Amino acid sequence: MQMNMGYTYTALWVLLLTKLLVAVSQSQGLPKVPAVIVFGDSSVDSGNNNKIATVLKSNFSPYGRDFDGGRPTGRFGNGRVPPDFISEAMGPKPNVPAYLDPMYTIEDFATGVCFASAGTGYDNKTASVLNVMPLWKEVEYYKEYQARLRAYLGVEKANEIIREAMYLVSLGTNDFLENYYVFPAGRRSQFTVAQYEDFLVGIAENFIRELYALGARKISLTGLVPIGCLPLERLVNIFGHHGCNQEYNNVALSFNKKLDNMVCRLNRELTQITLFTTKAYEIVNDIIKNPSKYGFEVVEKACCSTGTFEMSYLCSDKNPLTCTDASKYVFWDAFHPTEKTNRIVTDYILRKMAETLR
Ligand SMILES: *[C@@H]1O[C@H](CO)[C@@H](O)[C@H](O)[C@H]1NC(C)=O
């Protein structure tokens, strides 16, 4: 009896210690950062386009239907976007506010801020298609933010936040789908697709160098996901029987490889940088190929309206066809994932980040 009790106690202690060790190592996998700072397009915009003279907006329902209180914020989805989940896991707050949103002040932005603009790309010409913020303009606002932060917190504290923050960069899709493949007389007459990839990666490199010169150290680059499988691209893939557009997916893969090479090179050259790509392609591709594995029922069509072409103002609250449970859908509108997809993708990204940042 006594022996058994002793054995049981020992086993319980071992179990408890193991659990504690696992918990400690899990929480140590991801460093805490004082702020999450975001650049990019609609995949990460949390409402900057609300304040821009463009038709590309989403600050009306049913967008934001599943956001905190059912609020349409200008995020392109039914709920939160990846930077929100990343900020919740590593940063001080669960959502990243848009820099142009007048509801927030520098006090809010000190713990995380988003400069992204839906519809933009690496290429200036992409931003001009729908009159949104080009990447250089996002950087201008970031510089203004730095000045405001220093005025608010003092130079030393502000510089610490700038240095320790996690920077998220997510764009590139629109350069191909809203620009290159849409206007035969534009970039397509100047560049082959391989040359255009090189052109974009060159802009990405200059952008990273500029962020580094401005004090950024931890930078995550989201490459392209399988852009040929977005519902809108399936719709127009008439000769491919509305399957994924393989050419576009191949472009995404080849662009990602070039991005990876550039990242490798900059990591060697810029001694204090921790730069990495998130490999979001892999997880999104797996979700699209095996939707039921993740609890999804629909992948070809989006939740909003007919689910084939609607986004922004065409994704209307009046439409009776909009699905009632977005968590069964991989895509929310013809171009953007649901909150559930964003959460799964972010969990995957966070695991990769934990490996890189350890
Ligand atoms: C984009 O436009 C800005 C502002 O006019 C300019 O400074 C920058 O060089 C342009 N970028 C490219 C790659 O042409």
Side-chain angles (χ1 to χ4, degrees), residues 37-45 48-57 98-100 113-148 162 167-216 219-224 227 248 251-267 269-270 273 275-277:
I37 298 177
V38 183
F39 297 90
D41 61 16
S42 61
S43 58
V44 291
D45 186 354
N48 286 309
N49 274 24
N50 303 351
K51 292 287 155 197
I52 297 175
T54 174
V55 294
L56 195 62
K57 294 185 200 284
Y99 187 63
L100 299 183
V113 57
C114 172
F115 300 99
S117 175
T120 201
Y122 286 109
D123 185 355
N124 284 338
K125 277 222 164 128
T126 304
S128 65
V129 173
L130 289 168
N131 196 32
V132 299
M133 262 201 271
L135 190 54
W136 66 264
K137 185 74 187 172
E138 295 188 19
V139 175
E140 287 299 301
Y141 278 125
Y142 173 60
K143 289 179 186 164
E144 180 191 275
Y145 163 75
Q146 286 202 344
R148 288 174 67 191
I162 290 161
Y167 291 79
L168 307 176
V169 181
S170 178
L171 71 171
T173 303
N174 299 315
D175 292 308
F176 293 99
L177 299 187
E178 184 194 307
N179 182 359
Y180 188 83
Y181 284 110
V182 178
F183 304 107
R187 290 306 194 197
R188 200 133 52 107
S189 67
Q190 285 175 275
F191 298 109
T192 65
V193 70
Q195 287 168 341
Y196 193 56
E197 290 165 13
D198 294 336
F199 174 69
L200 299 180
V201 171
I203 296 170
E205 175 173 344
N206 289 338
F207 169 67
I208 300 295
R209 285 181 186 279
E210 188 169 10
L211 277 190
Y212 184 77
L214 288 166
I219 307 175
S220 151
L221 268 180
T222 302
L224 297 179
I227 56 177
Y248 292 178
V251 165
L253 286 170
S254 115
F255 177 81
N256 288 347
K257 193 170 281 175
K258 290 175 181 178
L259 211 56
D260 279 338
N261 291 342
M262 181 270 282
V263 161
C264 256
R265 196 155 42 73
L266 287 195
N267 270 319
E269 187 193 321
L270 308 175
I273 207 169
L275 175 64
F276 52 93
T277 53

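First listed ligand is number 1; within each ligand, the first listed atom is number 1. In this text, all values refer to a predicted model and were calculated from it rather than measured experimentally.
Cation-pi geometry between Lys137 and Tyr141 is met: the NZ or CZ atom falls under 6.0 Å from the ring centre, inside 45° of the normal.
Residue Ile219 forms a side chain to side chain contact (heavy atoms under 4.5 Å, CB included) with just one option from Leu168, Ile37, Ile208, and that option is Ile208.
Thr54 contributes a side-chain N or O that, together with a main-chain N or O of Leu130, makes up a donor-acceptor pair within less than 3.5 Å.
Between Tyr99 and Glu144, the closest heavy-atom pair is OH-OE2, 2.5 Å. Minimum heavy-atom separation, Ile227 to Tyr248: CG1-O, 3.7 Å.
Aromatic ring centres of Tyr196 and Tyr180: separated by under 6.0 Å.
Closer than 4.0 angstrom to ligand 1 by heavy atom are Asn124, Trp136, Ile203, sorted by chain and number.
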